[in-house]
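Order of listing sets the numbers, starting from 1, for every ligand and every atom in it. Just so you know, residue 1 is the first one in the sequence shown, and it goes up from there.
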Amino acid sequence: MKYSPQQSLLIWYEKNGRHTLPWRLTKDPYPIWISEIMLQQTQVKTVLERFYFPFLERFPSLEALAEAQLDDVLKMWEGLGYYTRARNLHTAARECRGTFPRTAHDMISLPGIGRSTAHAIASFAYNEPLPILDANVKRILHRFFALSKRDEKQLWTYAYQLFDPNHPFEYNQAMMDVGATVCLAKKPLCDVCPFKPACLGKGSPDAYPEKKTTRSKPIRTSVIRIYRRDNRYALMQRSSRFLHGLWGFSETVNLPIGSTDHFLGDITQHYSHFTLAGTVYLSDEPFEDERFEWFSLDEIKELSLSRADHKAMALLRYNLDQKREDGC
Ligand code: SF4
């Protein structure tokens, strides 16, 4: 019988696919959408174990998410990072006005839903015959067709070429699974791959695609100062585009150290476009800034903080615990 990559993929998926993932057991576009957004930049295991179920428990429907406060959504997103995803989810839920779009074409008009995500949701929820093109699928296509050049437009053409429009759900899920478990970025398992007979890149998978020239990220140094007054601490809710909506301590490029400033420690936080190297101080200096509000330690637990501010907070707690133990 003539080899068919699509047929081989479906047979492989039947036997090896991750069929029990909860977002694969529903046709409701809302949880599928939530999973797709969470899975951008985050591994399946992490999403499954820590974020997917609590988020859906807190916001069980499109309406519940639309009616929620942004603060609450950010709080549930804490730890997933890339908070723009959470803000877009919230805005998009409001834009839906109670009904999630039925076609990929209409989904793309919502914030945070790109072409591949729209195709994924539409094919999973409505069986719309459209291929996806996430990072894993890109890697498979580069290798299968031996494409060195990174060219998104060209990849879409190849995505349609390999696609099986008769089985959009199974095909797209199977491609995700082959990318995640077989055609690995490092040391792909070609011997067990359903594409092996026709894959043009299997002899030298590392050659496809060509390597990106990596530029080292700039390091941004800053002074994070935790101002204290009557056992309350000053935080402001960020209004800038970066980390918008999250609460944080005072952060400055450089500010002279005050006589009551107490060094707590250094933190490092890697962001996609820079690395933050922060020096954290606890300060009892007088502080007036109307953008800041004062919170107790218990109240801070309820706020959504960036990872850097969580690290600063951990240093503060450690310091206060030490003081308590020392009887100060
Ligand atoms: S044969 Fe190897 S390189 Fe080709 S798609 Fe499969 S795992 Fe990837």
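A salt bridge between Lys301 and Asp298 is present, with a side-chain N of the basic residue lying under 4.0 Å from a carboxylate O of the acidic one. Salt bridge present: Glu251 and Arg238 bring a charged side-chain N and a carboxylate O closer than 4.0 Å.
Within a 6.0 Å sphere centred on NZ of Lys211, other residues, nucleotides and ligands contribute more than 12 heavy atoms. Within a 6.0 Å sphere centred on OH of Tyr160, heavy atoms belonging to other residues, nucleotides or ligands number more than 12.
Annotation for ligand 1: atoms under 4.0 Å from non-hydrogen atoms of Arg143 are 3 (S).
Only the side chain of Cys199 comes within contact range of ligand 1, with a heavy atom under 4.0 Å; no backbone atom does.
When only non-hydrogen protein atoms are considered, atom 6 (Fe) of ligand 1 lies nearest to Cys193 SG, 2.3 Å. Nearest protein neighbour of atom 2 (Fe) of ligand 1, counting heavy atoms only, is Cys190 SG, 2.3 Å. Protein heavy atom in closest approach to atom 8 (Fe) of ligand 1: Cys183 SG, 2.5 Å.
The main-chain N or O of Glu14 is found under 3.5 Å from a side-chain atom of His19 such that the two form a donor-acceptor pair.
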